[in-house]
Each structure stands twice: as structure tokens, then as C-alpha cells.
**Q** 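First, the structure itself, so that you have it in front of you.
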Amino acid sequence: MKRYWKYIKPYLAAFICGPILMITEVLGEVLLPKFMANIINNGAAGRDVPYIIGMGVIMVLTALLMMAGGIGGAYFAAKAAISFASDLRSDVFDKVQKFSFANLDQFSTGSLVTRLTNDITQVQNLINMALRMMLRAPGMLIGALIMAIMMNAQLTIVIIVVIPILVTLIALVIKTAFPRFEIMQKKLDILNSNIQEMLTNVRVIKSFVRGSYEEEKFAASNEDLKQSSLSAFKVVILNMPIMMLLMNATTLAVVWFGGRQILAGNMPVGDLTAFTTYIVQILMSLMMLAMVLLQSSRALASLHRITEVLDTEVDLTDVNCRLPEKTVEKGRVEFKDVSFRYYKDNKEKVLDRISFKIESGQILGIIGSTGSGKTTLVQMIPRLYDADEGEVLVDGVNVRDYSLRNLREGVGMVLQKNVLFSGSIMENLMWGDENASYEEITHAAMDAQAAPFIETFTEGYETELGQGGVNVSGGQKQRLCIARALLKKPKILILDDSTSAVDTATEAKIRESFKGNLKDTTKIIIAQRITSVMEADTILVLDEGSVAGMGTHEELLKSCEAYQEIYYSQMDKEVSAS
């Protein structure tokens, strides 16, 4: 629990004041029954009206102090719990931001969302409840027990017999509920993943008329969560009936034995009234403790899931960085016998002994069949993955020796899956450079051939994009992503099949702008269309993770069978189409 002290320390005053102020309520609750007993025994029995009024005033003042203490305690408890949860949520989010792709593969998106929201909320609720109950419940239990013993030690035997039974039953409930809460949170992960996937791909679902299938899939996940929740809570709900049964049975026993003492003249009527109240307070305090413990069982399951995220070792860090201040200056890229596996215990390599070199300002085209490792290869340049064997060099320096920030600042990447964010076109483009001027933004848009369609919008660059850029076409989205990368002014520009939705004429214009405006930038183009890489200085042909050929278009047509197959199959299709 040492790791969580950092979230308590800044709000230590609230963590202390909350429970202390709740003690004010406890003192009032313990004293009020005694005051009532005095009114009955002394005031009512002796018809002493001034005494009754005086005790009444004292009771009112006590109630006001209790109210002040209760409000103050609740405020500080809420402040401490909410602040703790806010800081914890920030740290978990920051940790997820540092995750490498390999780390992200360990958790589903829905699971991370659940951990950042529902799980942290469960911990927040526990802290809030604990701060309000941790002194109040034990204080009420001890105070009421002492007052009951002082009032009538014989009757106290009843509650002393009941307490062990109650504690045992509560312990059994908690022991049964804890594993069920863990299962429930996992089911919630699955449901959140389904919802996220459905909302992200709603257009695909509609176009394939798969709404009914998704409804059935959601219904199954929802029913699964419902059943696991019922399984957990049907144990928890036993707590209240058990408590009420024992409370009523204890009260009946006290009234029975206390009534006989009153008839025998050994106990005043007012004392029995007060004693009954103390019995209820003792059992209520045990109920409060039970509620805290039950909430703890659920919160501890959530805390374990949060700790899993915080304890995940980020495999791409600056820990062994030898040149933290170095930046990418020229953009030369070299791979030396690079091999990689996604699953380290798997014998089959995704990339096997890849070697090539590209000078600053040159264009490298990468082509190959689906699954040949093209995307994985380029993701090693900005260290989205690290090579298992061999070296990846940028400007002659191993990428592991750069700081992640400086390395990635020098690399502009348009991923295979084009992602835009909610906000205006201008805001999306400024991801490339948050300090870019309007002229720089429009120039980048022109180079990416995005300016013509942006200018057709009524609000131009201030046009709001829906989530994920749903209100622009695939080709428009690709051009916006290219413009965003160009605005970064990178030394290395990686285009991962990023013009697949753009017509050949527009693609040719984009390539032409690269020649004029990115002379000193190293350009790496992954493409399915052979026309996209034919003019590259060097073309790398990949086949099942290995280099099948490397050279210029003319050289590969003569020497590389895999390249010939791609070329002639695509050219034949174009001839047939024409």
C-alpha cells in the first residue's frame, strides 16, 4: 500500500479531519439516549417541567453539534476520496500513455476504460465510506457498549452473545462475495469492449445490415454481466436481513428481560428505553462495519486491477538511453540484421534478418504481400516496437540511444489506420505543430492535396470533424493525416499505405510535392499499388518477413521474381480495365 500513500499525503488534513468530525456525531448519539432516560426517570416521573425543558435544550444543542460534525465530516471525506481518485486516475492514464504497442496488447480497450472509470470509482466510494465510518462505527460500538454496561450489566449479556454470531455471518458473506466481484468486473470489461467496438464501427454494422447480430451479441454480454452481478449481490443482500433479524431478536430479548426487571423494581423505565436504543446503536455500528467490509471486497478487486496497470513494466523507456539530448538531424536509416517476434516464445519470426540502408532525402518504397511485415518494419524506426535481434540506426545511432521524445519528434508517421479526433480540421492539423501559423497549415494542406476539398467546406479549416473524422471520406481523411504529418516537418516521413483511398492522379500530385518541399526528408512509402513506389530510389520487397529483393524498379524487374509477379499482375489488371 506504500504506492498509494502519495495520493493520501497531499490531502492528509482532509483524511484526518473527516473521521475526527464524525466523532462529534458519535458523542451525540451516545449521550442522547442517556439524556432521554433522565427526562423519563427524573423529569416525567417527578413532574419537573423546568428539568425537562433544560434537558430538552441540551438535547437540541447536542443535535446541532452533531449536525455540524456530520456535515463537516462528510465534506472532508468526500474531498479526500474524490481527490485521491482524481490523482490516481491521472497516474493510471499517464501510465497507459507510456505503454508501448506490446503493453497495450496485454489489455483490451474496454478493460482499460473500465479500470480508469468504474474500478477507480469503486475505490473512491470505499474511501468515502471508510472515512465516514472508520471512527464513527467503532466509536458508536464502544460508546454504546460502555453506556449499556454502566446502565445494566446483566442485560448486556444478551448483546455479548449476539455479537460473535453476527461477526461470523458477516465474515462468511464477505468471503463468498469477494471472488464474485472480481468476476463481475471482468464481465464489465467484456461489455465495455463490445460497446466500444460497436460504436466505433457502427457504419460498417449498418452497411452489412448486422444490427440484429450486434444486438444479440450485446444482449449476451449484458445478460452475462447481469447474472454475475446478481451472483455477487445476492450474497451481499443477505447482510441486511441477517442484521435486521438479529437486531429485532436482540431487542425482543432485551425488552423481555428488561421488562421483568422493571416489574421487579430493579430497573427504571427510562433506562430500558435508553438501553434498547444502545442495543440498536451497537448493532447499527456492526452493520456500518459490515457495509465497509463488503464495499472493501469489491473495491479491493478493483484495486487489484488498477495495480495491474500501474505495475505493468513499460518495455520501451529512456532508462538505457545514452544520448538523451540528441535529436534526429539528417534522417539516415539503417537496419542491421533485424529480427522480431510479437510473441517472444514463438519460434516463427515476423521479421527475419532484415538489412538495408537509406540516405537522407532518399525515397524508400516497401512492397509485399499482406502479412509480410511491412508495417512492423517501419514501426521500429520511432520505437513503437523494439527489435529482438540486430540494430535499427537513425543517423548512425541506435534508436535505443535516443530519448523517445526526441526520436519521435524527428519522425512523421501516417499510420495504416488513419485516425482523426473530435474538433476542427485546424485543431487536428495542429497535432503536427501546435505553434504552426495559418500559412504553414494551409501550405501543408496544399502539399497533401487536402486544401481543395477543405476550401469547399463553408467553415473551411474551422469545420468540425465528427469522432474519428466520420464526416469526411476515406481519401479526405488520408490527405488530412498526411498534412498533419507534413506540418511536423520531420526528418523521416513514413507513409504506411496512406494513399490507398486516393485516386492515382491525386497521389501523383502528392508525390510531386514531396520532391519539391521535402528534398532533405527521408521518405519511406509502404504501398500495395506498385505505381506508388516505382519512382523510389530503392524498393524493398518483403515476403513472409524476409527480404525477397531490393533495388530500383528496373533492377527488380530483372532480378526479383516476387516483384515481377506483383508488377505484371497489377499492370495486366490496368490493361484489362482500360
**Q** Closest approach of D401 and V397, non-hydrogen atoms and distance?
**A** CB-CG1, 3.8 Å

**Q** Is it the case that the ring center of Y11 lies less than 6.0 angstrom away from the ring center of F84?
**A**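 Between Y11 and F84, which both carry aromatic rings, the centre distance is not below 6.0 Å.
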
**Q** Quick one: CD on Q106 to CZ on F99, what's the gap to the nearest 0.5 Å?
**A** 7.0 Å

**Q** Shortest non-hydrogen contact from G331 to T522?
**A** O-OG1, 2.6 Å

**Q** Between Y7 and S90, is there a side-chain donor-acceptor contact under 3.5 Å, judged purely by atom types and distance?
**A** no

**Q** Just verifying a value: how many Å separate L404 CG and E409 CD, rounded to the nearest 0.5 Å?
**A** 11.5 Å

**Q** Taking side chain as C-beta onward, heavy atoms only, is R400 less than 4.5 Å from C321?
**A**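 Not touching, per the 4.5 Å side-chain cut-off.
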
**Q** Could you tell me whether the side chain of K489 and the main chain of G410 form a donor-acceptor pair under 3.5 Å?
**A** no

**Q** Under the salt bridge (Lys or Arg N to Asp or Glu O under 4.0 Å) rule, what pairs show up with a residue in residues 111-133, not counting sequence neighbours?
**A** R115-E308, D119-R305

**Q** Indicate the atoms forming the closest heavy-atom contact of V123 with A299, along with that distance.
**A**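 Closest approach of V123 to A299: CG2-O, 4.0 Å.
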
**Q** Measure the shortest side-chain to side-chain distance between L310 and L88 over non-hydrogen atoms and say whether it is less than 4.5 angstrom.
**A** yes

**Q** With side-chain hydrogen bond (donor to acceptor under 3.5 Å, both in side chains) as the criterion, how do T114 and D189 come out once you've worked through the C-alpha distance, each side chain's angles and the decisive distance to 0.1 Å?
**A** CA-CA 6 Å; T114 305; D189 283 350; 3.1 Å; yes

**Q** Would you sort out whether N103 and S100 count as a side-chain hydrogen bond (donor to acceptor under 3.5 Å, both in side chains), showing the intermediate values?
**A** CA-CA 5 Å; N103 292 134; S100 67; 3.1 Å; yes

**Q** Is there a side-chain hydrogen bond (donor to acceptor under 3.5 Å, both in side chains) between S360 and R332 once you walk through the steps?
**A** CA-CA 5 Å; S360 174; R332 294 195 311 273; over 6 Å; no

**Q** Flag the pair M413 / L493 as yes when at least one side-chain heavy-atom distance between them is below 4.5 Å, and no otherwise.
**A**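 With C-beta onward as the side chain, the pair stays apart.
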
**Q** Enumerate the salt bridge (Lys or Arg N to Asp or Glu O under 4.0 Å) contacts for residues 12-22, please, sequence neighbours excluded, ordered by first and then second residue.
**A**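 Those involving residues 12-22 do not exist here.
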
**Q** Please test R484 against C481 for side chain to side chain contact (heavy atoms under 4.5 Å, CB included), starting from the C-alpha separation and ending with a verdict.
**A** CA-CA 5 Å; R484 182 173 63 189; C481 290; 3.6 Å; yes

**Q** Would you indicate whether K79, at its atom NZ, is surrounded by more than 12 heavy atoms from other residues, nucleotides or ligands within a distance under 6.0 Å?
**A** no

**Q** Can you name the ring-ring contact (aromatic ring centres under 6.0 Å, His included) partners of F356, sequence neighbours left out?
**A**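 For F356, the residues satisfying ring-ring contact (aromatic ring centres under 6.0 Å, His included) (neighbours in sequence not counted) are F335.
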
**Q** With sequence neighbours left out, write down each residue that passes side chain to side chain donor-acceptor pair (under 3.5 Å) with Q227, or none if nothing qualifies.
**A**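 Q227 satisfies side chain to side chain donor-acceptor pair (under 3.5 Å) with E223 only.
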
**Q** Please report the shortest heavy-atom distance between S546 and D352, naming the atom on each side.
**A** OG-CB, 3.9 Å

**Q** Rounded to the nearest 0.5 Å, what separates atom OG in S369 from atom CG in D543?
**A** 5.0 Å

**Q** What orientation do Y342 and F340 show, parallel under 30°, tilted 30 to 60°, or perpendicular over 60°?
**A**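 The arrangement is perpendicular - the two ring planes meet at more than 60°.
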
**Q** Could you check whether atom NZ of K349 has more than 12 heavy atoms from other residues, nucleotides or ligands sitting under 6.0 Å from it?
**A** yes

**Q** Decide yes or no for I482 and D447: does some side-chain heavy atom of the first lie under 4.5 Å from some side-chain heavy atom of the second?
**A**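 No; the side chains remain at least 4.5 Å from each other.
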
**Q** Would you kindly say whether T375 and D496 are connected by a side-chain donor-acceptor distance under 3.5 Å?
**A**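 Distance-only check passes for T375 and D496.
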
**Q** Any salt bridge linking R136 with E25? Criterion: basic side-chain nitrogen under 4.0 Å from a carboxylate oxygen.
**A**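 Salt bridge: yes.
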
**Q** Could you state the interatomic distance from CG (L364) to CD1 (I492), rounded to the nearest 0.5 Å?
**A**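 The CG atom of L364 sits 11.0 Å away from the CD1 atom of I492.
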
**Q** Check this for me: K186, atom NZ, are more than 12 non-hydrogen atoms of other residues, nucleotides or ligands nearer than 6.0 Å?
**A**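 Count not over threshold, so no.
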
**Q** Answer yes or no: does atom CD of E334 have more than 12 heavy-atom neighbours from other residues, nucleotides or ligands under 6.0 Å?
**A** yes

**Q** Can I get a per-line list of side-chain donor-acceptor pairs under 3.5 Å for residues 12-20, giving both atom names and the distance, sequence neighbours left out?
**A**
none

**Q** Is it true that a side-chain atom of K488 and a backbone atom of A483 form a donor plus acceptor pair closer than 3.5 Å?
**A**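 A pair under 3.5 Å: no.
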
**Q** Would you sort out whether V333 and L393 count as a side chain to side chain contact (heavy atoms under 4.5 Å, CB included), showing the intermediate values?
**A** CA-CA 6 Å; V333 177; L393 307 176; over 6 Å; no

**Q** Take a 6.0 Å sphere around NZ of K217 and say whether it holds more than 12 heavy atoms from other residues, nucleotides or ligands.
**A** yes

**Q** So does D497 pair up with K374, basic N to acidic O under 4.0 Å?
**A**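 Salt bridge absent between D497 and K374.
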
**Q** Set out, in order, the CA-CA distance, both residues' side-chain angles and the distance that settles side-chain hydrogen bond (donor to acceptor under 3.5 Å, both in side chains) for Y402 and D318, then state yes or no.
**A** CA-CA 8 Å; Y402 288 92; D318 293 334; over 6 Å; no

**Q** Which value, rounded to the nearest 0.5 Å, describes the distance between L351 atom CG and E544 atom CD?
**A** 12.5 Å

**Q** How long is the straight-line distance from CD of Q379 back to CG of L377, given to the nearest 0.5 Å?
**A**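 CD of Q379 is found 9.5 Å from CG of L377.
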
**Q** Would you say the side-chain atoms of S228 pair up with the backbone N or O of L225, donor to acceptor, closer than 3.5 Å?
**A**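 Confirmed, S228 side chain pairs with L225 backbone.
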
**Q** Check step by step if side chain to side chain contact (heavy atoms under 4.5 Å, CB included) holds for L487 and W431.
**A** CA-CA 8 Å; L487 199 59; W431 272 63; over 6 Å; no

**Q** State, yes or no, whether a side-chain contact exists between L188 and N118 at a heavy-atom distance under 4.5 Å.
**A** yes

**Q** Counting heavy atoms not belonging to D94, are there more than 12 under 6.0 Å from its CG?
**A**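 More than 12 within 6.0 Å, yes.
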
**Q** Any side-chain heavy-atom pair from E391 and V338 closer than 4.5 angstrom?
**A** no

**Q** Is there side-chain contact between D386 and L316, with heavy atoms separated by less than 4.5 Å?
**A**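 The answer is yes, as the side chains (C-beta and beyond) meet within the 4.5 Å cut-off.
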
**Q** Take L407 and I381 through the side chain to side chain contact (heavy atoms under 4.5 Å, CB included) test and state the conclusion after the steps.
**A** CA-CA 9 Å; L407 175 64; I381 298 171; 5.6 Å; no

**Q** Hydrogens and angles aside, do N406 and S403 bring a side-chain donor and acceptor to less than 3.5 Å of each other?
**A** yes

**Q** Do the charged groups of D224 and K187 touch, with an N to O distance under 4.0 Å?
**A** yes

**Q** Would one find more than 12 heavy atoms of other residues, nucleotides or ligands at under 6.0 Å from atom CZ of R341?
**A** yes

**Q** For G72 and L21, work out which heavy atoms get closest and say how close.
**A** C-CD1, 3.5 Å

**Q** Mind checking what makes ring-ring contact (aromatic ring centres under 6.0 Å, His included) contact with Y461, not counting sequence neighbours?
**A**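 With neighbours one apart ignored, the set is Y438.
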
**Q** Would you tell me whether S339 and R353 have side-chain atoms, one donor and one acceptor, within less than 3.5 Å of each other?
**A**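 The answer is no; no qualifying pair exists.
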
**Q** Which heavy atom of T521 sits nearest to which heavy atom of P490, and what is that distance?
**A**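 For T521 versus P490, the nearest heavy atoms are OG1-O, 3.1 Å.
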
**Q** Do V547 and L542 have side chains that get closer than 4.5 Å, going by heavy atoms?
**A** yes

